[in-house]
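By convention here, the first residue in the shown sequence is residue 1.
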Amino acid sequence: MKVFITGGLGFVGQKLSEALIKNGHTVTVVERNPRAKPAPLPGVTVIAADASRPGAWQEALAEHDTIINLAGVSIFSRWTRQKKQDIANSRLFITRNVVDAIKKRKGKPTFLISTSAVGFYGFHGDEKLTESDIPGEDFLAALCREWEAEAMKAEAYGARVAITRFGIVLGTEGGALDILTRLFRFRLGNRLGQGKQWFSWIHQDDLVSVFLFLLKKKNIRGPVNCTAPNPVTNRDLTKALNRVLGTFPLVPPAPGFLLSIVLGEFGDFLLKGQRALPFRLLDSGFVFKFPHIDQALTDILNRQ
């Protein structure tokens, strides 16, 4: 297949591009500033462009039968009004431009995999969430709902569309775990608030395998929860990370009110969560290599 990836040199995109090349696919990526990213693998074509703006990159996209939309500004910082606008615009504008480019392929077989997040479901307690559950009402849930709706418009042009709702991706060379391990190694890692909030996660290798699985499973369309089958609470994550690292915290748990004051709405995101399960993947026969948090953390930290 000829695969076009927005954000193909990022934390997930690098590993995915590597796997696609190894599996015999042709890969083209578009990046706003590729010089600031790791060097692409041999065989990966890089287009330097801002995908949030229409441009010549859309002509290149239209020559590919598979499009993977990964690009978007990171959510891991204080959510100021401007930051929230940047988070939303990066996702909505890029997805809209991707779909506009897919128009040119009308009548040709096309598969769009567009990213979303389990934040789609909003904040929940212990309730188990599958792809059939309704969206929440907070900022991230509303954004995911709109983001997914933009991607699904590609169906009007004959494309098959799958929406990959990411949990927190754990892997090497970046991501949330890179930040966490630094804190924990300095004995600064403890639970957030009461630690009862659910943490839906996935190993980076399993996430890459999900994409390869979706390329082969022609009958899968619509939302797909990309999370390990065994989510953990923040308290259990904290214990597992300290256990694997052989550390213990020298600081007390972070008070919930302090996180809310310092990080604003993003603090609420850290203090609340959702227990998302990969129902459609499991039902379709996908097998996770890292279904449990301890084995995932051990594998990643051993590589580091």
**Study point:** Ring centres under 6.0 angstrom apart (Phe269, Phe123)
**Key:** no

Minimal non-hydrogen separation, [X] against [Y], with atom names:
X: Ala228; Y: Pro291; value: CB-O, 4.1 Å
X: Val118; Y: Arg165; value: CG1-O, 3.7 Å
X: Ala19; Y: Val208; value: CB-CG1, 3.4 Å
X: Ser284; Y: Ile220; value: OG-CD1, 3.6 Å
X: His124; Y: Glu127; value: ND1-OE1, 2.9 Å
X: Lys2; Y: His64; value: O-CB, 3.4 Å

Counting only N and O atoms by type, is there a donor-acceptor contact under 3.5 Å from the side chain of [X] to the main-chain atoms of [Y]?
X: Ser200; Y: Ala276; result: yes
X: Glu18; Y: Leu41; result: no
X: Asn97; Y: Ser52; result: yes
X: Lys218; Y: Leu215; result: yes
X: Arg105; Y: Pro109; result: yes
X: Glu59; Y: Ala101; result: no
X: Ser17; Y: Gly8; result: yes
X: Arg275; Y: Asp126; result: yes
X: Arg91; Y: Val73; result: yes
X: Gln274; Y: Phe199; result: no

Side-chain donor-acceptor pair present, [X], [Y], cut-off under 3.5 Å:
X: Asp206; Y: Ser209; result: no
X: Asn69; Y: Thr95; result: yes
X: Thr227; Y: Asn225; result: no
X: Gln295; Y: His292; result: no
X: Thr110; Y: Asp65; result: no

Side-chain heavy atoms under 4.5 angstrom apart, residues restricted to Ile, Leu, Val, Met, Phe, Trp, Tyr: same cluster for [X] and [Y]?
X: Ile87; Y: Ile94; answer: no
X: Phe211; Y: Leu112; answer: no
X: Leu92; Y: Ile67; answer: no
X: Trp201; Y: Leu271; answer: yes
X: Trp198; Y: Ile168; answer: no

Could you tell me if the side chain of [Y] sits less than 4.5 Å from the side chain of [X], heavy atoms only?
X: His203; Y: Ile300; value: yes
X: Thr238; Y: Phe184; value: yes
X: Thr130; Y: Tyr121; value: no
X: Ile68; Y: Val3; value: yes
X: Glu31; Y: Leu9; value: yes
X: Thr164; Y: Ser116; value: no
X: Leu61; Y: Val98; value: yes
X: Leu20; Y: Ile5; value: yes

Practice item. Linking directly or through intermediates, with side-chain heavy atoms under 4.5 Å: list the remaining ILVMFWY members grouped with Val287, chain and number order. Key: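 Reading the cluster by chain and number, Val287 sits alone, since nothing else belongs.
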
Check your understanding: In the hydrophobic cluster built from side-chain contacts under 4.5 Å, what are the other members alongside Leu277?
Key -> none

One thing to verify: whether [Y] and [X] come together as a salt bridge, which I'm taking to mean a side-chain N less than 4.0 angstrom from a carboxylate O.
X: Glu148; Y: Arg145; answer: no
X: Asp100; Y: Lys103; answer: yes
X: Glu131; Y: Arg280; answer: no

**Study point:** Lys84 atom NZ, neighbour heavy-atom count above 12 within 6.0 Å
**Key:**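 Counting other residues, nucleotides and ligands, NZ of Lys84 exceeds 12 neighbours.
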
Check your understanding: Does a sphere of radius 6.0 Å around CZ in Arg303 hold more than 12 heavy atoms from other residues, nucleotides or ligands, not counting ones at 6.0 Å or beyond?
Key -> yes

Using 0.5 Å steps for rounding, measure from the [atom1] atom of [X] to the [atom2] atom of [Y].
X: Ile163; Y: Leu214; atom1: CD1; atom2: CG; result: 11.0 Å
X: Leu245; Y: Arg187; atom1: CG; atom2: CZ; result: 9.0 Å
X: Thr6; Y: Ile47; atom1: OG1; atom2: CD1; result: 11.5 Å

Review point. Excluding sequence neighbours, so at least two apart, what forms ring-ring contact (aromatic ring centres under 6.0 Å, His included) with Phe286?
Key: Phe213, Phe288

Check your understanding: For Phe139, which of Phe266, Phe120, Trp79 qualifies under ring pair (Phe, Tyr, Trp, His ring centres under 6.0 Å)?
Key ->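 It is Trp79, the one option of Phe266, Phe120, Trp79 that forms the ring pair (Phe, Tyr, Trp, His ring centres under 6.0 Å) with Phe139.
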
**Study point:** Distance under 6.0 Å and angle within 45° of ring axis: Arg53 vs Phe93
**Key:**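 The answer is no; the distance or angle limit is not met.
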
Point to revise | Geometric cation-pi criterion Arg160 and Phe111, 6.0 Å radius, 45° cone | key: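 Yes, Arg160 lies over the aromatic ring of Phe111.
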
Exercise for review: Apply side-chain contact (heavy atoms from CB on, under 4.5 Å) to the pair Phe290 and Ile202, showing each step before the final yes or no.
Suggested key: CA-CA 8 Å; Phe290 301 99; Ile202 187 169; over 6 Å; no

Exercise for review: Walk me through it: do Arg221 and Glu155 pass the test side-chain contact (heavy atoms from CB on, under 4.5 Å)?
Suggested key: CA-CA 10 Å; Arg221 60 178 66 234; Glu155 287 192 326; 3.5 Å; yes

Exercise for review: Check the pair Leu270 / Asn234 against side-chain contact (heavy atoms from CB on, under 4.5 Å), numbers first and verdict last.
Suggested key: CA-CA 9 Å; Leu270 295 176; Asn234 176 261; over 6 Å; no

Check your understanding: Can you say whether the rings of Phe4 and Trp57 are parallel (under 30°), tilted (30 to 60°) or perpendicular (over 60°)?
Key -> parallel

Exercise for review: Decide side-chain contact (heavy atoms from CB on, under 4.5 Å) for Thr28 and Val44; before the verdict, give the C-alpha distance in whole Å, the side-chain angles of both, and the deciding distance to 0.1 Å.
Suggested key: CA-CA 6 Å; Thr28 301; Val44 175; over 6 Å; no

